[in-house]
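Inspection log for the structure reproduced underneath, given as structure tokens.
Owing to the predicted nature of the structure, the values given are computational and were not obtained by experimental measurement.
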Amino acid sequence: MYHHVKKLMYTVRVDRPDPRFGNMLLEQFGGANGELAAAMQYSIQGLNCEDPERKDLLMDIGTEELSHLEVVGALARLHLKPMKFKREEAEADPLIAIAGGGGVNLYNSMGNAWTADYLKITGELDVDLRSNIAAEARAKIVYERLINFTTDPGTKDALQFLMTREITHMKAFTAALESLGRPRFQIGQIPPTPGLVDQFFNDSTGTGEDGEVDTRGPWNQGDEWQFVEAPAFADMRQGAGDGGEGRVDARTTSTTDDPEMLQELLVDQLKDLLSAEGQLVKALPKMIEAADAPGLRLCFEEHLEETRVQVDRLKDALTALGAKAAAKPCKGMAGLLEEGQEVMAEGEDMEPQAADLALIAAAQKVEHYEISAYKTARTLAGQIGAQQVALLLNTSLGEEETAESLLTQIARELMSESRTGISKDDELTDADTGSKKTTKGGPSAAARSTTRKRNTT
């Protein structure tokens, strides 16, 4: 929930209005590196974030950026104010003076409308944090340049305050990135190709009249770097008798010295998963019948269809690896589903919401098991260079993660209903007024008991 506190974070003071400078300030109001872009980028990243600690960071800073938007807006409005009544000032920017009445709008300093294309949102927390660090660095530079283009003391003070907060945010985002404990260049899940990842291609060659002098530094020499001279000319050099030294990597996608051993392990994992998914196809109809909440039943129904497709993907993956598409009994899934059967049996004597929450807990254990298994198999596929198999597994992994997230959301709704006594399904329409009325407690216990009986028989 947002609450507008009418006191500014920083009290803006402008002693000598300058409409031309006010136009420059609009870059930080509705521009690509401005406060609205930052506020929206961080807030939407926060909405997407599953990590509660870093979600809090993103929402905190996103909200502060909204306050900065108000500071910049107040600053720009005071500088633009003379456009309201002085023609010579209005001529500095007729668009602002005539169309905008001498006030601010979501345009940059060139009159281009703000756009969501400014936002950098990937859904990968470490990638988004890096984008945020870069965004704060760009904003810092913009404020620094604005400071250099004004002589008004109050304006300089406000811009200094805002510029300083950009560094604060950079520090916070950097600390959050480092706290993830991931290697600096580990992006995503699929590892890069060894050898190729450490090759630096010298693609701008020539000296004197043919070009600038080639330079060397820590970006292309030392540590694990292999300097590859002019890959485009590699064939000519080989013909000249250099023996192929320094040529481009053969581009194999395998990342292991023993792909056959890992392939055997991968095949074993896929057969285990095939058994697990097959068992789940048989179990999900029973879970659908046991579920009371319509949203939970729908979630199970949709995941049943996904699971059937996942079975086909696993068969395709095994075929692509030259293995027989046969299942290996998965005792782990068998144990989880047996526990789920007990939960459903016990749920017949429980309140509907409690029974559904217990069923969700059992279902999420299954999802976590599958997510772990798919991640392991996908990594193995990447290690042996089986990219087609890795993509198949990644698709199924995404579906499992989505299903787990949906179950979490449904559980939250059920717990909220339990606390308040208000259910989405309890909203009734008043036939006389057409308005909605919400009844506490919902259907009677007898009605819910009937629903439970209908769903479990």
For the pair Glu136 and Lys140, evaluate salt bridge (charged side-chain N to carboxylate O under 4.0 Å, His left out) and give the outcome as yes or no after the intermediate values. CA-CA 6 Å; Glu136 295 293 335; Lys140 194 272 182 187; over 6 Å; no
Which residues pass the ring pair (Phe, Tyr, Trp, His ring centres under 6.0 Å) test with His169, sequence neighbours left out? His68
Lys365 atom NZ, over 12 foreign heavy atoms within 6.0 Å: no
Relative to each other, are the rings of Phe173 and Tyr42 parallel, tilted or perpendicular (30° and 60° limits)? perpendicular
Intermediate values then yes/no, salt bridge (charged side-chain N to carboxylate O under 4.0 Å, His left out), Arg308 and Asp312: CA-CA 7 Å; Arg308 287 172 175 151; Asp312 292 334; over 6 Å; no
Expected output: side-chain Asp128 to main-chain Thr122 donor-acceptor under 3.5 Å: yes
Indicate yes or no for a side-chain donor-acceptor contact from Gln263 to the backbone of Leu321 under 3.5 Å, with no hydrogens or angles considered. yes
Do any pairs count as a ring-ring contact (aromatic ring centres under 6.0 Å, His included) and have a residue in residues 258-294, sequence neighbours left out, and if so which ones? none
Could you pull out the closest heavy-atom pair between Ile44 and Leu119, with the gap in Å? CD1-CD1, 4.1 Å
Between atom NZ of Lys375 and atom CG of Asn394, what is the distance when rounded to the nearest 0.5 Å? 10.5 Å
Give a yes-or-no answer on whether the side chains of His303 and Glu400 include a donor-acceptor pair shorter than 3.5 Å. yes
Please walk me through it: do Glu399 and Arg313 pass salt bridge (charged side-chain N to carboxylate O under 4.0 Å, His left out)? CA-CA 12 Å; Glu399 292 172 350; Arg313 287 197 198 106; 2.9 Å; yes
For Leu393 and Ala381, work out which heavy atoms get closest and say how close. CD1-CB, 4.4 Å
Can you tell me if Arg182 has over 12 outside heavy atoms packed within less than 6.0 Å of its CZ? yes
Can any side-chain N or O of Asp51 pair as donor or acceptor with the backbone N or O of Glu53 at less than 3.5 Å? yes
Enumerate, atom names and distances included, each donor-acceptor pair closer than 3.5 Å involving a side-chain atom of residues 405-412, sequence neighbours excluded.
residue : atom : partner : partner atom : Å
Ser405  : OG   : Glu401  : O            : 3.1
Thr408  : OG1  : Gln364  : NE2          : 2.8
Thr408  : OG1  : Glu404  : O            : 3.1
Thr408  : OG1  : Glu404  : OE2          : 3.4

Quick one: does Lys328's side chain have a donor or acceptor within less than 3.5 Å of a partner on Ala326's backbone? no
